[in-house]
Trainee: 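Below you will find the structure I want to go over with you.
Order of the sequence lines fixes the chain letters, A, B, ..., with proteins taken first and strands second; residue numbering starts at 1 for each chain.
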There are 2 protein chains.
Amino acid sequence: MNQLKEALETLKETGVRITPQRHAILEYLINSMSHPTADDIYKALEGKFPNMSVATVYNNLRVFREVGLVKELTYGDASARFDFVTSHHYHVICESCGKIVDFHYPGLNEVEQLASHVTGFKVNNHRMEVYGTCPECTSKEVH
Amino acid sequence: MNQLKEALETLKETGVRITPQRHAILEYLINSMSHPTADDIYKALEGKFPNMSVATVYNNLRVFREVGLVKELTYGDASARFDFVTSHHYHVICESCGKIVDFHYPGLNEVEQLASHVTGFKVNNHRMEVYGTCPECTSKEVH
DNA sequence: TAAACTAATTATAACAATTATAATTTAAGA
DNA sequence: TCTTAAATTATAATTGTTATAATTAGTTTA
């Protein structure tokens with residue numbers, strides 16, 4: 001349940017130092033359900049850490065990715081978004097406002113197997129995103 | 001069958017001028033099965049068009065995307081790749097050398113329906129990529 | 001607990017991909 | 001062929017991200 005505590009343990013186990021900045025970035029990632037960009041995180045924490053550098057945010061997101069705590073999402077032309085890894089899920093993305101909603105669906109393992117069989121690749125993982133318009137943006141549309 | 005001819009018709013129908021540069025970019029996209037980046041295209045055509053600007057490549061890829069002739073693929077941190085739209089297919093990507101192989105699989109429409117039902121989104125489309133190691137890179141691996 | 005070592009942070013510069021701007025050139029219809 | 005709007009070019013600007021070097025701060029060991 002306590003995701004932050006578990007995440008900090010992971011860092012300890014993998015020999016990654018726990019700094020106030022890392023603590024804050026992790027906390028923000030876990031609490032925000034908004035799949036923030038590096039800049040979102042930077043801006044959100046500049047009150048707490050007025051001297052923090054953007055490089056710190058990027059560095060630590062890379063570290064978190066390397067130990068498997070976060071995933072980097074790149075879609076379309078915009079900047080990358082970061083997702084604290086919990087259980088396996090996919091994303092539904094609003095093409096109008098950019099909102100990302102999680103979506104659980106268990107049935108894509110067979111696709112990996114088929115892909116491996118057809119292409120001869122050793123398959124590690126896959127990603128899927130569904131694009132559309134969220135209810136809020138749909139209701140705002142002009143008729 | 002003649003994809004270039006059809007593509008040029010599409011441009012005519014949508015009122016987009018056919019220039020030598022556009023013709024060449026489309027031709028290159030159709031013939032190359034390699035999902036090129038904008039820079040790949042730029043470099044490939046600089047023999048034919050020594051004065052062509054990168055901006056022209058980007059501009060026209062945007063135009064082609066707008067009329068539905070190409071799709072833009074962004075994955076990982078690298079630069080965008082462009083894919084001439086033919087039939088519906090997915091991509092299997094080698095994490096070692098970056099190669100992209102097409103993979104046909106018909107069964108993901110139900111995912112769209114479920115995603116729409118669960119999230120309330122009006123769903124337009126989806127994308128999926130499978131990641132792994134291609135046979136060539138697998139055989140090169142050290143044991 | 002203090003000293004020493006190593007890693008993390010900061011500030012800044014560099015970089016690469018992409019887009020914007022303004023001047024020039026060109027495709028396509030009258 | 002002439003005209004006009006659109007496309008291309010050359011260049012500058014922008015944005016997201018990474019590299020560098022100096023400083024600061026965790027952690028380990030004496």
Trainee: For the residue pair Val111(B) and Tyr90(A), establish whether any side-chain heavy-atom pair is separated by less than 4.5 Å.
Mentor: no
Trainee: Just checking, is any N or O donor in the side chain of His35(B) or Asp40(B) under 3.5 Å from an acceptor N or O on the other one?
Mentor: no
Trainee: Regarding Ala80(A), tell me which of base, sugar-phosphate or nothing describes its non-hydrogen contacts under 4.0 Å with the strands shown.
Mentor: sugar-phosphate
Trainee: Considering only heavy atoms, which members of residues 39-49 of chain B lie under 4.0 Å from some atom of DNA chain C?
Mentor: none
Trainee: Could you tell me how far apart Tyr58(B) (OH) and dA12(D) (P) are, to the nearest whole angstrom?
Mentor: 18 Å
Trainee: For the pair made of CG in Asn59(A) and P in dA25(D), what is the distance, rounded to whole Å?
Mentor: 17 Å
Trainee: Starting from C1' on dT19(C), measure out to CG on Asn60(B) and report it in whole angstrom.
Mentor: 14 Å
Trainee: Give me the residues of residues 12-31 of chain B where at least one heavy atom lies under 4.0 Å from an atom of DNA chain D, by number, or none.
Mentor: Arg17(B), Thr19(B), Gln21(B), Arg22(B)
Trainee: Output the rounded distance in Å from CG (Leu61(A)) to P (dT9(C)).
Mentor: 11 Å
Trainee: To the nearest 10°, give me the bend of the helix from dT1(C)-dA30(D) to dA30(C)-dT1(D), comparing the axes of its five terminal pairs at either end.
Mentor: 30°
Trainee: Round to a whole Å and report the spacing from CE of Met52(B) to C1' of dT9(D).
Mentor: 11 Å
Trainee: Can you work out whether Phe82(A) or Ala55(B) has the more 5'-proximal nearest nucleotide on DNA chain D?
Mentor: Ala55(B)
Trainee: I need the CZ-P distance between Arg62(A) and dA8(C), as an integer number of Å.
Mentor: 10 Å
